[in-house]
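Notes follow once the structure below has been shown.
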Amino acid sequence: MNDQAPLSVASGGPRVVLVGPPGAGKSTIGRRLASTLMLPFVDSDALIAEDFGIPCGDVYNLLGEEAFRAKEEEFVAQSLASGGVVSLGGGAVLSPVTRDLLARHTVVYLDVSAEEGIRRTSGENTRPVLKADDPVQHYMSLLEQRGPLYREVADFKARTDGKTPQQVVGDILGFIESVALDHV
């Protein structure tokens, strides 16, 4: 896990950056956490969708993975320049550039099981990385590939299975408070 000192909003960066696989709850928890902390919420996937005028998954399909990841790096950097709570797309950690940027921020890895992640995303057709003949196996492959990268950039890991978004927000707030007390 990342052992860098957290960057506060006062120093120009986000208060918390959320990473994790599709369906982990990054957007839902990010909005609630931002509301609780009375900070703005920035979702890098939403910025991509807004810029292109189509859903983020459609941008992925349009550009292909390599070009999409290059474009995503730009939007991640833009997101990290804002203050507040930032949610990154599930594959953002694949980029070494993004991982280097995250080393200067407080990062929370929202962890979810393959079964729960699939359940949460199964009704959505906007997640191209989950379109596979065997979605559970594909999701497990994503977790195997990306899990070490999520852990590498994270200062804290919060499991979301079996918890309400508010419970996960409480876990994150407890972590933030403990870090703040350590730096007093």
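Taking the six-membered ring where tryptophan is involved, the planes of F156 and F175 are essentially parallel, since the angle between them stays under 30° and well short of 60°.
To the nearest 0.5 Å, atom CD of residue Q166 and atom OG1 of residue T36 are 5.0 Å apart. Rounding to the nearest 0.5 angstrom, the gap separating the CG atom in L110 from the CD1 atom in I29 is 5.0 Å. Here the CG atom belonging to L94 is positioned 5.0 Å from the CZ atom belonging to R69, to the nearest 0.5 angstrom. Distance CZ/F41 to CZ/R32: 12.0 Å, rounded to 0.5 Å. Atoms CD1 and CD, on I48 and E72 in that order, are 5.0 Å from each other to the nearest 0.5 Å. Considering OH of Y139 and CZ of R146, their distance stands at 9.0 Å, rounded to 0.5 Å.
For K163 (side chain) and A158 (main-chain N/O), no donor-acceptor pair under 3.5 Å exists by modelled atom type. Remark: side-chain polar atoms of K26 are paired, donor with acceptor, to backbone N or O of G20 under 3.5 angstrom.
With sequence neighbours excluded, the residues satisfying side chain to side chain donor-acceptor pair (under 3.5 Å) with S27 are D43. Legend: residues meeting salt bridge (charged side-chain N to carboxylate O under 4.0 Å, His left out) with E74, ordered by chain and number and at least two apart, are K71. D161 pairs by the salt bridge (charged side-chain N to carboxylate O under 4.0 Å, His left out) definition with R159, not counting sequence neighbours. Remark: E73 engages S95 in a side chain to side chain donor-acceptor pair (under 3.5 Å) (not counting sequence neighbours). Checked against side chain to side chain donor-acceptor pair (under 3.5 Å), R31 has no partners two or more places apart in sequence or in another chain. Applying the side chain to side chain donor-acceptor pair (under 3.5 Å) criterion to S44, with sequence neighbours excluded, gives no partner residue.
Two residues are said to be in side-chain contact when any heavy atoms from C-beta on lie closer than 4.5 Å; V16 and V86 fail this criterion. V108 has its side chain out of reach of K157: every pair of non-hydrogen atoms, C-beta onward, lies at least 4.5 Å apart. Side-chain contact check for V107 versus L18: every heavy-atom pair is 4.5 Å or farther apart.
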Given the rule in the side-chain contact (heavy atoms from CB on, under 4.5 Å) test, do L173 and L37 qualify, once you have shown the distances and angles that lead to the verdict? CA-CA 9 Å; L173 291 172; L37 293 171; 3.6 Å; yes
Evaluate Y109 against V17 for side-chain contact (heavy atoms from CB on, under 4.5 Å), listing each step before the verdict. CA-CA 9 Å; Y109 165 25; V17 180; over 6 Å; no
With side-chain contact (heavy atoms from CB on, under 4.5 Å) as the test, would you mind laying out the steps for L33 and R15 before giving the verdict? CA-CA 10 Å; L33 182 62; R15 181 69 172 104; over 6 Å; no
Worked verdict on D51 versus F75 for side-chain contact (heavy atoms from CB on, under 4.5 Å): CA-CA 10 Å; D51 188 67; F75 284 96; 3.5 Å; yes
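Taking each heavy atom of V42 and S79 in turn, the nearest pair found is CG1-OG, 3.6 Å. For the residue pair T106 and D155, the shortest heavy atom distance occurs at CA-OD2, 3.2 Å. Across all their heavy atoms, A114 and M140 have their closest contact at CB-CG, 3.4 Å. In terms of heavy atoms, P21 sits closest to V112 at CG-CG1, 3.7 Å. Scanning both residues, L143 and P148, for their nearest heavy atoms gives O-CD, 4.2 Å. Minimum heavy-atom separation, A49 to C56: CB-N, 3.7 Å.
The number of heavy atoms from other shown groups lying within 6.0 Å of CD (E50) does not exceed 12.
Of the charged side-chain nitrogens involved, none lies within less than 4.0 Å of a carboxylate oxygen, so that R119 and E115 do not count as a salt-bridged pair.
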